[in-house]
Structure formats: C-alpha cells, structure tokens
Engineer: 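Can you keep this structure in mind? I'll have questions shortly.
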Amino acid sequence: MCKNEIPYKIYLSEKELPIAWYNVRAEMKNKPAPLLNPETHKQIGLNELSQIFCEELAKQELNDTDKWIEIPEDIRKFYKMFRPSPLIRAYCLEEQLGTPAKIYYKFEGNNTSGSHKLNSAIAQAYYAKKQGLKGVTTETGAGQWGTALSMACAYFGLDCRVFMVKCSYEQKPFRREVMRTYGASVTPSPSDTTKVGRKILERFPGTSGSLGCAISEAVEAALSEDGYRYVLGSVLSQVLIHQTVIGLEAMTALDKYGVNPDIIIGCAGGGSNLGGLISPFMGRKLRGEADYRFIAVEPASCPSFTRGKFAYDYCDTGHVTPLAKMYTLGSNFIPSANHSGGLRYHGMSSILSQLYDDKLIEARSVTQTEVFEAARQFARIEGILPAPESSHAIRAAIDEALKCKKTGEEKTILFGLTGTGYFDMAAYQAFNDGKMRDYVPSEADLKNGFDGIPHFPGNDF
Ligand SMILES: *Cc1c(COP(=O)(O)O)cnc(C)c1O
C-alpha cells in the first residue's frame, strides 16, 4: 500500500465555502477585449446583451472592475449539497511514478451531473428565476453541461430546453435520459425546429452536428419566445467567475496546511474550469505576492491555444452570438469525428486568451491515446474513473512529475480533476480494444477554419 499521511484528503467545512466569487479581470492590466455586435462590430452594452442573457449575468459578463461578486445565499445552499469538494493528495500515483513531486488534485466529480459544470448551472438558473423567466435554452456537446443545467432548473422550477449535438445524442442515450429525468427537453442538433438548424441541414445534409451549431439553435430558440434566455456552460466570463469556487476552495485548503503549489494544471475546452481553478492564484501572481506556472492542456485534435489565431471570432456556427476576441480555430472548425476526448470547442475564454497572450499562462496539446493512457493509470492507482476531458490535466501532471523525477526537484503540482468518466465508456471501450486513433489536423485542415474568421478593420490576425 502507498503511504497516506496527513494531509491526504482535505475536506473543508461548510463554513469555509466561499461567500463571493473572484473576478480576475479586476486585477488584469490588459483587460480582455470587449464583446462586439456581429453585424455592426460595435461594442455590446448591457441592454443588447440582456436580450440574450439574464440581466444579472449580462452584468457579470461586462464587469471589469469588481474583484468580488457576492454569492447569493440560495446558490450557497445548493452548493452545500456537493461542496466544498475534496482536495486530494495523489500519494499512490506519486509512489508509482517514483517522483519527488507532490501531486494534489481538486475533484469536481462528486455530484450527479458528474462535473464542475453544476457550479455555474445553479448560478445561471438562480438568476433566471430571480428575473421571473419561464425557462432557459442551451446547447450541450458531450452532455455534462445539459445534465448540470437540467438539475439546476429542476431545483428552481424552470423549463430547460437543451439542443444536444446530434452525434452525442445518438452515442450517449444515458446522458439524454438523465436530462429528461430532471425534466429537460432534449432536441438533437441540427434540428428542423429552428431557422438556423434548417439552414445548416440544407448546407450540410447528414452532418453529425457541432457545438457551434447547437449554440446557434439555442440562441434562436431563446430569442423567439417570451420569458426565455440563453445560457452557456463555458467560454463566457460569467461562467469562469462562477467556477472560481474551485480555485478559492483549493487555495483555502492548501493555505491551511502551508502547501504552496509551483505548477497549476487544468484541461481547457472553453476555459471555465481552468480559469476558475487558477484565477485566485493568478490574482496573487498579478499582485506580485507569489509566482506559479499555469498550464492549459488541450487536445491535439482541437488545439485552440497552441495553433489557433488570437482574433475576434464568432462563438457559433450560425453567427448569431456576439463576437469575442479569443484564441480560435474558426467557427467552422469541427474536430475529427473519431475524437472522443471532449474539449471540442473552437474558441477559448477571452480572459484566458488575454492571459495567454500576455504569457502569464502556458499551453500544450496532447493526443487522445496519451490522454487515455494517463486516465487508465490514474484510475487503477487512485481509484477514481476520470472523465476524458479531465484526463488531459492528468496527462500533463504525470509528465511534469516525471520531469521532477529526472531533475530531483520536489515541486508541488496541483491539477483540476473536473469530472467522472461514467458516461464516456464508449471512448474507454475504443481505447481498451486498441481501436483509438490519434488525429492531428493538418495545416490545410486548420486553414479551412481560419478562412471563416471575419475580416474587418482592427481584426488583424
Ligand atoms: C465541460 C467539461 C470540461 C471543459 O470545459 P471548460 O469550460 O474548459 O472547463 C472539462 N471537464 C469536464 C468533465 C467537462 O464536463
């Protein structure tokens, strides 16, 4: 047996649950670029944004000044069902790797939805309810966000309409059924229930769908019915703000035991878990109080940070959402169909994009077989079956720990374990059967996506 000394599993008490989210933008010297209207290219204000999003969430989206945003009591009550989440020292993994590094992970998979997404879902449902709305619309890819949102909507008695990327709808029937059990309606996207869905179906008959396309449908559905707003599970600054409960709890737990991380690692899809984990630590770095290495890990088949352009781009295929300045592969980019590791979004949080451009965070990409090897190793020695998305962070944490083994450095590594892999067994099956293939897009593949990024004065890339 591997050793397990104190601190092994750090559970904070309910009283230590954060009372406010942290907004790192307030401390960034270079703020993320503002959202633009996709037609006029003018900056979007609160009124315009409030037509798509709940008003309070639109305010959070535009808030560049308040460092702290109080967490309403009803949200804290819901958080207490599954938070604070544990911070765990990976003693067994360390021992197996033979590394002098100390590895900690913050586990967000201890709730029915199975991932960190519930942290933002409950906040978004709360503000929708408070505004007196009837319901919300959204998209979901692998299904984690739709599941989290359906749980949150059930709690507050809101109608929840989910557009689910068609290939996931077909491949992940159990995710779909969880959502329906919690009362959501689930439509495979692209669908013929929206104008934009019909247009996409006409242009690309037989398409298996994409997140960008499901977003367009969900936005249209929200705009075309009174009492509905659109909500999103990643990419937006409001989502990243809600996810800072992860980083704040991790910081409290580590501070309590006098542990100071050197390297902080997270997987990056749209950037919300990574941003939520690192934000409070980034605050310390920006104030000159401490230094950390931050590493974003993304799939080689969807490499927004490592091979994307830093430009204003559409957030969706149908070009109905605001333009955001971010690292992007272009809104037409769709990762290879055999990619099963998640993190498929073409763009990246504009907060993280700015921090990356300012060289305050690093990024790397990894192939999916490397990711599943790390997932298998972690599952066998640490017991938790990780989500494929989370396993990108595991891969990088193992690689950093192995570097320490070579150099003898006793670094402390913290990574975000964002969720469980129970609903990803088809991907594990492909891996276990030796049928998983890596796919890295060629320059020509990427060029197709880049060609879809809009050109207008000031948008040079
Ligand atoms: C959605 C998801 C991610 C990626 O989303 P981010 O916004 O980049 O955090 C990572 N892990 C899991 C388990 C997810 O469900």
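We're numbering straight along the sequence, starting at 1. Just so you know, ligand 1 is whichever comes first in the structure, and atom 1 is the first atom listed for that ligand.
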Engineer: Between the protein and ligand 1, are there any N or O atom pairs that come within less than 3.5 Å of each other, and if so, what are their names and distances?
Structural biologist:
residue, atom, partner, partner atom, Å
ligand 1, 7 (O), Ser234, OG, 2.4
ligand 1, 7 (O), Ser272, N, 2.9
ligand 1, 7 (O), Ser272, OG, 2.7
ligand 1, 8 (O), Gly269, N, 2.7
ligand 1, 8 (O), Gly270, N, 3.0
ligand 1, 8 (O), Gly271, N, 2.8
ligand 1, 9 (O), His116, NE2, 3.2
ligand 1, 9 (O), Ser272, OG, 3.3
ligand 1, 9 (O), Asn273, N, 2.8
ligand 1, 9 (O), Asn273, ND2, 2.7
ligand 1, 11 (N), Thr418, OG1, 2.7
ligand 1, 15 (O), Lys117, NZ, 2.6
ligand 1, 15 (O), Gln144, NE2, 3.4

Engineer: What pairs of residues pass the salt bridge (Lys or Arg N to Asp or Glu O under 4.0 Å) test when at least one of them lies in residues 58-70, not counting sequence neighbours?
Structural biologist: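 Those involving residues 58-70 are Arg25-Asp64, Glu27-Lys67, Glu56-Lys59.
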
Engineer: For residues 412-423, tabulate all N or O donor-acceptor pairs below 3.5 Å that involve a side-chain atom, not counting sequence neighbours.
Structural biologist:
residue, atom, partner, partner atom, Å
Thr418, OG1, Ser390, OG, 2.7

Engineer: Give the minimum heavy-atom separation between Pro322 and Ile52, together with the two atoms involved.
Structural biologist: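 That closest heavy-atom pairing would be CD-CD1, 4.1 Å.
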
Engineer: Tell me whether the rings of Phe82 and Tyr79 are parallel (<30°), tilted (30 to 60°) or perpendicular (>60°).
Structural biologist: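 Geometry flag for Tyr79 against Phe82: perpendicular rings.
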
Engineer: If a pair satisfies ring pair (Phe, Tyr, Trp, His ring centres under 6.0 Å) and one of its residues is in residues 356-377, list it, with sequence neighbours excluded.
Structural biologist: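 Listed once each, the pairs are Phe305-Tyr356, Tyr327-Tyr356, Phe372-Tyr428, Phe372-Phe431.
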
Engineer: On the 0 to 90° scale, with breaks at 30° and 60°, tag the Trp21-His242 ring pair as parallel, tilted or perpendicular.
Structural biologist: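 Taking His242 first and then Trp21, their aromatic rings sit tilted (interplane angle of 30° to 60°).
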
